[in-house]
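First comes the structure, then the notes that go with it.
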Amino acid sequence: MPGRATGPVLVDDRVPYLARLADESRMALLEAGTELRYPARAVVLRKGEPSSHVLLVLDGWLKVTDGSQNGHEALLALRGPGDIVGESAALRGTSRSASVTALEPVRAVVVSAERFTAFLDEQPMATRRLMALITDRMRAGDRKRLELGACGVKERLARLLLELAEWHGDRVPEGILVRVPLTQQELAGSVGASREAVTRLLSELRERGVVTTRRRSLVVVRPEVLRRIGGSA
């Protein structure tokens with residue numbers, strides 16, 4: 001479960017919604033829904049479907065994706081413990097704008113759109129926290145689009161691996177183990193490149209001892225090299 005929201009809330013899209021709420025508000029929201037479990041690779045929300053509920057992630061990681069213009073799947077965001085998923089469509093009453101898939105077994109609380117909006121009506125501070133989160137996510141999307149246009153694939157991949165290590169990594173004897181189980185295709189979708197290009201770059205990084213990779217796992221061994229490749233990441 002996310003930490004207590006007792007101090008100032010950080011202005012960053014990576015601070016999950018439940019961590020931004022006071023204890024009482026968090027418990028009230030979780031109690032408004034039903035806990036469900038999803039197996040790995042299950043499509044939890046599908047683009048174009050009517051929006052009837054939001055998800056509050058308790059355990060596990062999900063990916064938010066959409067089809068790109070070149071036919072590849074674009075990885076728009078990762079959502080993990082403490083995150084809320086599907087809030088924008090639920091608030092507007094529109095269909096889903098992207099698909100959400102479980103990367104591993106996921107445990108989440110499902111809250112109907114009606115109960116979620118009623119919760120926000122009763123909790124003005126929770127509403128402000130949600131608006132701040134949506135704004136932070138929009139800014140993060142703007143930053144990502146800027147990087148796609150200003151950096152090459154190698155720089156974008158280095159920055160992505162650094163971000164994954166910093167925000168989703170655990171210290172292990174070899175280096176920093178990235179907890180989010182992303183495939184090479186999903187890494188490619190996140191940096192706007194082909195799988196072949198990312199596979200080639202990862203091979204180069206392995207040969208230099210910068211990273212080690214196994215099936216659905218990655219360890220950053222030399223983050224300082226990734227920082228040099230990524231510039232001022």
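Just the heavy atoms: all of them, side chains too, but no hydrogens, waters or symmetry mates, feed the values below.
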Side chain to side chain, Val219 and Val211, heavy atoms closer than 4.5 Å: no
Heavy-atom check, side chain of Asp170 versus side chain of Ile176, under 4.5 Å: no
Salt-bridge contact Glu73-Lys63 (side-chain N to carboxylate O under 4.0 Å): yes
Donor-acceptor contact below 3.5 Å, side chain Thr135 vs main chain Met131: yes
Pairing of Arg179 and Glu104 as salt bridge, 4.0 angstrom limit: no
Cluster overlap Val57 with Val43, hydrophobic side-chain contacts below 4.5 Å: no
Main-chain N/O of Arg195 paired with Thr199 side-chain donor or acceptor, under 3.5 Å: yes
hydrophobic_cluster_shared for Met27 and Val54, side chain cutoff 4.5 Å: no
Side chain to side chain, Ile229 and Val210, heavy atoms closer than 4.5 Å: no
Side chain to side chain contact (heavy atoms under 4.5 Å, CB included) evaluation trace for Val15 with Leu133: CA-CA 8 Å; Val15 179; Leu133 174 65; over 6 Å; no
Spacing of CD belonging to Glu204 relative to CG belonging to Leu157, to within rounding of 0.5 Å: 10.0 Å
Non-hydrogen side-chain atoms of Leu177 and Val220 separated by less than 4.5 Å: no
Cationic N near anionic O, under 4.0 Å, Arg129 to Asp136: no
CE (Met138) with more than 12 external heavy atoms under 6.0 Å: no
Residues clustering with Met125 (ILVMFWY side chains joined when closer than 4.5 Å, directly or via others): none
Residues Asp142, Arg139: salt bridge by 4.0 Å N-O rule: no
Sequence neighbours excluded - salt bridge (charged side-chain N to carboxylate O under 4.0 Å, His left out) pairs with any residue from residues 110-125: none
Note, Leu103 side chain near Val180 side chain (heavy atom, < 4.5 Å): yes
Crowding at CZ, Arg206 (>12 non-hydrogen neighbours, <6.0 Å): yes
Qualifying side-chain hydrogen bond (donor to acceptor under 3.5 Å, both in side chains) pairs with a residue from residues 31-51, counting only residues at least two apart or across chains: Glu35-Arg107, Arg41-Glu186, Lys47-Asp66, Ser51-Arg96
Pairwise side-chain contact, Val109 with Leu58, heavy-atom cut-off 4.5 Å (strictly under): yes
